[in-house]
Each structure stands twice: as structure tokens, then as C-alpha cells.
Amino acid sequence: MKSPYIRPGYKPNYQKEVIATYRLESPLPLAEAATHIAAESSIGTWTKLKTLKDKTLARLGPKIFYLDNKKKLVKIAYPLPLFELGNITQILSALAGNVFSMKVVTNLRLIDIQLPKKYLDSFSGPAFGIEGVRKYLKIYNRPIIGSIIKPKVGLSAKEQAELAYDIWKNGVDLVKDDENLTDMEFNKFEDRVREVMKFKKQVEKETGEKKVYVFNVTGPADMMLRRAKLVKKHGGKVVMIDLVVAGLDNIQFLRQQNLGLILHGHRAGHSMFTKNPRHGLNMFLLAKLARLVGIDQLHTGTVVGKMEGTAKEVTAINQEMEEDWFGVNKEMSDWSEIKPVLPIASGGLHPGLVEKLVKILGTDLVINFGGGLHGHPDGSIAGARACRQAVDAVMKKIAARKYAETHPELKRALEYWK
Ligand code: CAP
Ligand code: MG
């Protein structure tokens with residue numbers, strides 16, 4: 001097959017083209033399979049078209065400029081007019097759409113999308129980002145200590161709020177709903193907001209510290225907006241969206257409302273398409289897109305906890321979230337205004353893992369403890385203290401074991417979770 005798209009040696013224009021990198025497995029020769037991908041994701045289809053004019057091909061034709069047969073890597077440059085500015089769903093329909101379903105593809109992994117500044121500028125990015133979140137909490141030089149209320153669901157609104165108070169009071173900064181807790185018959189969303197906000201005011205007065213509660217507003221857009229407005233009305237500051245199931249467009253929608261709320265991104269479900277390294281889309285790219293549409297803080301992995309994610313993967317994601325610009329490619333001359341995102345380490349963490357975690361991921365993050373706090377043998381108050389002590393020890397550069405000699409809650413936790 002003569003491919004109109006294969007252009008070895010072509011130098012892409014990073015300001016005028018979108019560059020997609022795929023790893024492609026196919027029974028066909030790589031160039032031929034890549035041609036199918038390039039066509040299906042842009043102006044073509046499975047056969048030659050009488051309707052495709054030369055001038056359209058010249059203006060909108062994608063260019064396969066890089067093929068690595070050994071690594072099965074393909075890079076395609078797509079002219080920017082193929083994409084609607086400010087429409088996250090449209091670019092995904094093109095680059096992460098039909099191409100995954102084609103019979104000529106055995107496996108296909110979308111590794112990265114590099115976006116020109118003009119495209120980036122058509123999105124708002126985070127309203128707060130790292131700086132904004134830290135400024136709100138007035139915590140500048142240590143990890144933010146978070147906790148997910150456990151059990152995930154099952155407590156009443158009042159029990160949830162009382163538990164939040166207990167752990168805020170004992171060293172936790174951020175308390176959050178779990179991903180499957182929304183508006184339940186035994187814990188109504190509105191009741192939870194009212195109860196929690198009462199306790200939040202009280203604990204802030206007592207401790208003189210700023211605290212946040214992350215309300216899970218996940219749901220259809222109208223429901224989500226109603227709930228976010230309710231949180232705002234009651235003086236709340238952070239709302240959580242399960243961004244895979246809700247869709248990135250819903251994050252974008254909520255961000256566009258400019259409610260002055262911090263958006264917390266939970267990624268439940270991402271492994272449906274990120275886990276198999278040979279197929280789907282990786283977490284790195286999902287995180288980039290979440291940043292683009294306006295997430296302020298995002299679950300990115302722990303390396304040492306219960307969820308998937310190697311040190312290499314998670315550090316690459318966190319770096320990408322924290323960097324001052326959003327172009328990945330050094331050849332991009334323009335920097336975008338899109339703010340950096342605060343990474344969240346969560347999943348299977350307990351005080352005994354904090355040292356290791358910080359060694360790998362640093363201190364510019366939220367460290368979330370669910371079971372590793374509420375599962376403390378002496379209960380949640382002791383658990384909160386132990387988590388705080390573990391973070392304090394790291395910040396004071398004292399080994400956790402040593403610090404535990406004078407901190408009984410930490411000692412119990414270290415003995416319990418060996
Ligand atoms: C953690 C958690 C979070 C995961 C999500 C849970 O609880 O609440 O949802 O961290 O994973 O339900 O598992 P534990 P990730 O602390 O009890 O494990 O952050 O990797 O997206
Ligand atoms: Mg959870």
C-alpha cells in the first residue's frame with residue numbers, strides 16, 4: 001500500500017501540530033499499520049476515498065515522521081486544525097477512539113500527546129494548583145496530611161463529621177470522602193456537608209489551623225454542579241470528582257463554573273485502560289489531560305502502597321504535574337500558563353511507609369491514609385497522631401524507629417504494620 005502519510009525525516013512543528021506517540025503491535029508491517037492509525041484518527045478510513053481532495057490532504061493530512069520497528073514506536077504529527085480548541089472529548093475521539101478497535105491492531109498504547117501552546121491556551125488548567133492549595137492551607141514546607149474516612153461507606157453523616165473532627169484535631173489537614181460515597185440513604189450529601197462544616201469551624205477555632213474537607217460530588221453534570229454549589233454555600237473549599245467514570249469533560253465543565261473551589265481528582269477505574277502496558281492509554285497522559293482540564297490535586301500513586309505504579313512511572317507523572325509548563329517536549333519554545341498540580345499519594349499507606357514514600361516522591365504532595373489511620377490498633381485518634389508523627393519525623397530527618405521511642409502512637413503503628 002502506498003501511504004500518503006509516511007514522511008520519514010519530516011521535522012514536526014510543535015507550535016502548529018499535535019504529536020501523538022503510539023506503541024503499535026500489528027501483524028502488518030509497522031509502516032502499513034501506522035498508516036491505518038493515522039488515517040482512522042484523522043481524515044481517512046479503511047479505503048481510498050473519492051471525496052478526499054488533494055487540498056484537504058495537504059492541509060489536514062497527518063504525517064508519520066518516526067517509526068521504530070524494534071520498539072514498535074510510531075510518532076504522528078497532526079495539523080492543529082484537526083482539533084477543536086477547548087474540547088477535550090473531541091481530541092480523544094480522534095486519537096484515543098476507533099484506532100483501538102481496529103482489526104489490524106493487536107495492541108495499541110497511546111503513550112503521549114504533545115500539544116501546541118495555542119491548544120493549551122484554550123483550556124483553563126487548575127484554578128489553584130500546588131501554590132493555591134498550599135496557600136489556602138498555609139502549609140508550605142511539609143507534605144499535606146490527608147485521610148479518607150473509612151469504612152468507605154456505611155457511617156452516618158454525623159458519625160462521619162465527628163470522625164473528621166477527631167482526626168483534624170490530632171494532626172490531619174485534609175479529610176475526604178471515599179470514591180463510592182455520594183448521596184446515600186444512610187448518609188445524605190446535604191446532611192454530611194452541614195455536619196462536617198460545623199465541626200470544621202470548631203476545629204479551626206480550637207487549633208488555629210486551616211483544615212479542609214473533600215466532598216465527593218461525582219455524578220452527572222447537573223447533580224455535580226448542584227452539590228458543588230451546596231459545598232460552596234456552606235463554606236466548603238474542596239470537591240472531589242472520580243474523573244475516569246465522570247469523564248474529563250465533566251471536570252472541564254466544573255472548572256469553567258469558576259466556583260472558587262479546589263478540584264480533587266480521584267482516578268478510580270483508570271486501570272481499565274492503563275494497566276496493560278501494551279494496550280490503552282497510560283496514567284501519565286491521563287494525568288496531563290486532567291491537569292489541562294483543571295484538576296488542582298490528583299491521585300497519582302504511591303509506589304510503596306497497595307496500588308499499581310512503579311517508582312519510574314509515578315515519579316515521571318509527579319514531575320509532569322509539578323513542572324512549570326506543560327509541553328513535555330523541550331523543543332517547545334513557548335511556555336503555557338497552566339498551573340502545576342499537587343500530586344496525592346494514596347492507597348495502602350500507613351505510618352511505617354512514610355519514610356520510604358518521601359524518599360521516592362519527595363515532600364511536595366498530599367499523603368493520604370485510610371486503613372493506615374483508621375486501622376490503628378488504638379483507634380482513629382491514635383492513628384491520626386501516628387500519621388502526623390511519621391511525617392514530622394521525616395521532616396526533622398529523624399528515623400521513624402527513633403522518633404517512635406518518644407511517640408507511643410507511632411510506636412504502636414510501626415509494631416502493628418511491619
Ligand atoms: C485508599 C483509597 C483510595 C486509593 C485510590 C481506597 O484507602 O481510599 O481510593 O488510594 O488509589 O479506597 O483504596 P487506603 P489511587 O488508604 O485504606 O488504602 O490513589 O492509587 O488512585
Ligand atoms: Mg478510596
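The chain is numbered in sequence order, starting from 1. Values reported hereafter were calculated over all heavy atoms of this structure, with side chains retained and with hydrogens, waters and symmetry mates removed. Atoms within each ligand, like the ligands themselves, are counted from 1 in listed order.
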Mind checking what makes side chain to side chain donor-acceptor pair (under 3.5 Å) contact with Arg7, not counting sequence neighbours? none
What short N/O contacts, under 3.5 Å, does ligand 1 make with the protein, listed by atom pair and distance?
residue  : atom   : partner : partner atom : Å
ligand 1 : 7 (O)  : Lys150  : NZ           : 3.1
ligand 1 : 8 (O)  : Lys150  : NZ           : 3.1
ligand 1 : 8 (O)  : Asp178  : OD1          : 3.2
ligand 1 : 9 (O)  : Glu179  : OE1          : 3.0
ligand 1 : 9 (O)  : His266  : NE2          : 2.7
ligand 1 : 10 (O) : Ser346  : O            : 3.1
ligand 1 : 10 (O) : Ser346  : OG           : 2.8
ligand 1 : 10 (O) : Gly347  : N            : 3.0
ligand 1 : 12 (O) : Lys150  : NZ           : 3.0
ligand 1 : 12 (O) : Lys152  : NZ           : 2.6
ligand 1 : 12 (O) : Asp178  : OD1          : 3.3
ligand 1 : 12 (O) : Glu179  : OE1          : 3.4
ligand 1 : 13 (O) : Lys306  : NZ           : 2.6
ligand 1 : 16 (O) : Gly370  : N            : 2.9
ligand 1 : 17 (O) : Gly371  : N            : 2.7
ligand 1 : 18 (O) : Lys306  : NZ           : 2.9
ligand 1 : 18 (O) : Gly348  : N            : 2.6
ligand 1 : 19 (O) : His299  : ND1          : 2.7
ligand 1 : 19 (O) : Ser346  : O            : 3.2
ligand 1 : 20 (O) : Arg267  : NE           : 3.4
ligand 1 : 20 (O) : Arg267  : NH2          : 2.6
ligand 1 : 21 (O) : Arg267  : NE           : 2.7

Is the cationic atom of Lys63 (NZ for Lys, CZ for Arg) positioned less than 6.0 Å from the six-membered ring centroid of Tyr10 and within 45 degrees of its normal? yes
Applying the side-chain hydrogen bond (donor to acceptor under 3.5 Å, both in side chains) criterion to Arg142, which one of Asp364, Thr363, Asp173 satisfies it? Asp173
According to the side-chain hydrogen bond (donor to acceptor under 3.5 Å, both in side chains) rule, which pairs have a member within residues 230-255, sequence neighbours left out? Arg255-Asn258
Total protein N, O or S atoms, the Mg ion (ligand 2), separation less than 2.8 Å: 2
Is a side-chain donor or acceptor of Arg192 paired with a backbone partner of Lys158 at a separation under 3.5 angstrom? no
Asp296 side-chain N/O to Phe128 backbone N/O, donor-acceptor pair under 3.5 Å: yes
Using modelled atom types only, decide if a donor and an acceptor are shared between the side chain of Glu40 and the backbone of Val99 within a distance under 3.5 Å. no
So does Gly129 get a backbone contact from the side chain of Arg291, meaning a donor-acceptor N/O pair under 3.5 Å? no
Would you give the length of the straight line joining atom CG of Leu30 to atom CD of Glu25, rounded to the nearest 0.5 angstrom? 10.5 Å
